[in-house]
Amino acid sequence: MVQQPMSPNQEPNNSEQPEKIYLPRTSESETLKKIRHTASHVMAMAVQKLFPKAQVTIGPWIENGFYYDFDNPEPFTDKDLKAIQKEMVKIINRKLPVVREEVSREEAKRRIEAIQEPYKLEILADIKEEPITIYHLGNEWWDLCAGPHVENTKDIHPKAIELESVAGAYWRGDETKAQLQRIYATAWETPEQLAEYKRRKEEALRRDHRKLGKELGLFIFADPVGPGLPLWTPKGTLLRSILEDFLKQEQLKRGYLPVVTPHIARVDLFKTSGHWQKYKEDMFPLMAEDEAAAAIEQGFVLKPMNCPFHIQIYKSELRSYRELPMRLAEFGTVYRYEQSGELGGLTRVRGFTVDDSHLFVAPEQLDNEFLNVVDLILTVFRSLQLKNFKARLSFRDPASDKYIGGDEVWNKAEGAIRRAVQELGMEHFEGIGEAAFYGPKLDFIFRDALDREWQLGTVQVDYNLPERFDLEYVAEDGSRKRPVMIHRAPFGSLERLIGILIEEYAGDFPLWLAPVQIRLLPVGEAQLDFTKEVAAKMVALGIRAEVDKSGDRLGKLIRNAEKDKIPVMAVVGAKEVETNSLSIRTRASGELGVIAVDEVIDKIKGAITNFSNF
């Protein structure tokens, strides 16, 4: 047996795990909401004391902290952030009372004009309620604000705040308006919470999919191609294919029919669907043949959604009730014209592939088909080892005008989703205003290893698009009836899913999903031919195996395999060749000893089938 050095990712077992420090989101804690809201005011006061020319705009809380946008002639530096934080501590330690005052609109305007803060005038104009509320920090600084706040700056722990970074931001999010400087910061109830937050931030950097994706050779971004447009390397493409094949096989077992649709279409298609009217700002610009065509909005657009294409396939012939439910499925690439500042690795891109399917069902089939879709999504999550999630009932906001369709169809669609989660007994919550413009959704919100939330799978009920496209089927009694549509995507998008999985696994993909499942490491030239034969046998049996032919020393071969996060490593020395065996070590279990080649193959195949480790 070849002696192998200890795996660098093996750690001694420590049964005494430290107690986990709970880090609530701002929306989950009224105390944190007050602390962070007041801390943003303290930061703005500190900035204006140190930088008198800085003008303030908005400073809301966010889920893990707060930010404030400033219009300042000079860019803020890291040195400036340290000075601002030091000044904040001084303000906090002065124990200034936080006082709420109500004034008339005219008085608020007079005070704003007196201190020459033009952005506040715009904010004031947007406030519809009266009286206007102002919050003071002592007698030295005030801001328009609805609250809530702590009663005194002493209620903020000076050792539980930290300024984090500076980023650019446009006033009102409009690229045509002034570019501001956004200071991001965080504040907690205790220093221990801040320390845990910083630890998680460091761990997030270690797991960052942009960093690991490059190290593992999965994808790249290239300036000549453009931001938000990832290029997939051979290993990354293989990873995508594994995920696609897994879901395609599962869908075929469940009666889905594969389709393929083009990447562009006439803009009229999206006018009929409503995307052009409701979603135009997020779409790439119209491609018109000439100025005259552009003036009347005639031409082609990159598709933002796949559903209108699947509708055309359904509508290409008159359907019978016997054909329903019809489940059309496609890994379709769609395009969104995201602002460059909103892009983020694979989780926010301009072109992404959706595991899209649209089910055309008779009304009486809706509940059962919806439950079947949820079952598929849960099967996907189990296979991907994603366990920490909850369901969000994403319903419309009745006060908003961004939706299409009347109250009756929305109530029917939302009722179908409520019945499904009640029947399944799923933990869920309602997200008012989170619906798509054409229908409500059941979204699966996943909480990752760092306690961050991501939306993954989604399933939507839609009565509106069948109406807009005049879809019909011939019922059993010969009459024409309208089908209901179900939109669903268990992955959400391949790009976002892979980014999330890289970070959840910290690059250590489960055996079934790893682009390379086993790497064979020959100790010397004499073992190379045997190693190649074993690898070829494995590849022929569907195992993703490769040989390290570098000729490096064994220690380096193992270190490289560990660095590349290969799930199974097989060391081949003279003894292994003689006994037709492999010396196995895995990232999951460490050294397993010498195992016969055929037994190794059987174990790998069994683990792949069961979505388990070797």
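Below, all heavy atoms of this structure are taken into account, side chains as well, without hydrogens, waters or symmetry copies.
Residues Met538 and Val600 approach most closely at CE-CG1, 4.0 Å, considering heavy atoms. Closest approach of Asn64 to Thr186, counting heavy atoms only: O-OG1, 2.7 Å. Contact record, Ala54 with Val47: CB-CG1, 3.9 Å, taken as the closest heavy-atom pair. Between Ile242 and Pro515, the shortest heavy-atom distance links the atoms CD1-CA, 4.3 Å. Of all the heavy atoms in Glu338 and Leu343, the pair that sits closest is CB-CD2, 3.6 Å. Smallest separation of non-hydrogen atoms from Ala435 and Pro440: CB-CA, 3.9 Å.
In this structure, Lys303 is positioned above the aromatic face of Phe309, its NZ or CZ under 6.0 Å from the six-membered ring centre and within 45° of the axis. Relative to the six-membered ring of Trp232, Arg240 meets both conditions, a distance below 6.0 Å and an angle of at most 45° to the axis.
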Let's go through Lys280 and Glu297 carefully: what are the C-alpha distance in whole Å and the side-chain angles of both, what is the deciding distance for salt bridge (Lys or Arg N to Asp or Glu O under 4.0 Å) to 0.1 Å, and is it a yes or a no? CA-CA 12 Å; Lys280 183 177 179 180; Glu297 291 190 331; 2.7 Å; yes

One pair to check against salt bridge (Lys or Arg N to Asp or Glu O under 4.0 Å): Asp508 and Arg587. What are the steps and the verdict?
CA-CA 8 Å; Asp508 272 313; Arg587 287 185 63 78; 2.4 Å; yes

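Side-chain atoms of Thr458 and Asp443 include a donor-acceptor pair closer than 3.5 Å. No hydrogens or angles considered: a donor-acceptor pair under 3.5 Å links the side chains of Arg336 and Tyr279.
Of the listed residues (Glu504, Glu63, Glu203, Glu503), just one forms a salt bridge (charged side-chain N to carboxylate O under 4.0 Å, His left out) with Arg452, and that residue is Glu503.
Here the side chain of Asp448 pairs no donor or acceptor atom with the backbone of Trp454 at under 3.5 angstrom.
Taking the centre of each ring, Trp61 and Tyr67 stay at or above the 6.0 Å mark. Under the 6.0 Å cut-off for aromatic ring centres, Phe611 and Phe246 qualify, their centroids lying closer than that.
Taking the side chain as every heavy atom from C-beta outward, Val572 and Leu582 approach each other to under 4.5 Å. Using a 4.5 Å cut-off on side-chain heavy atoms (C-beta onward), Leu465 and Asp462 make contact.
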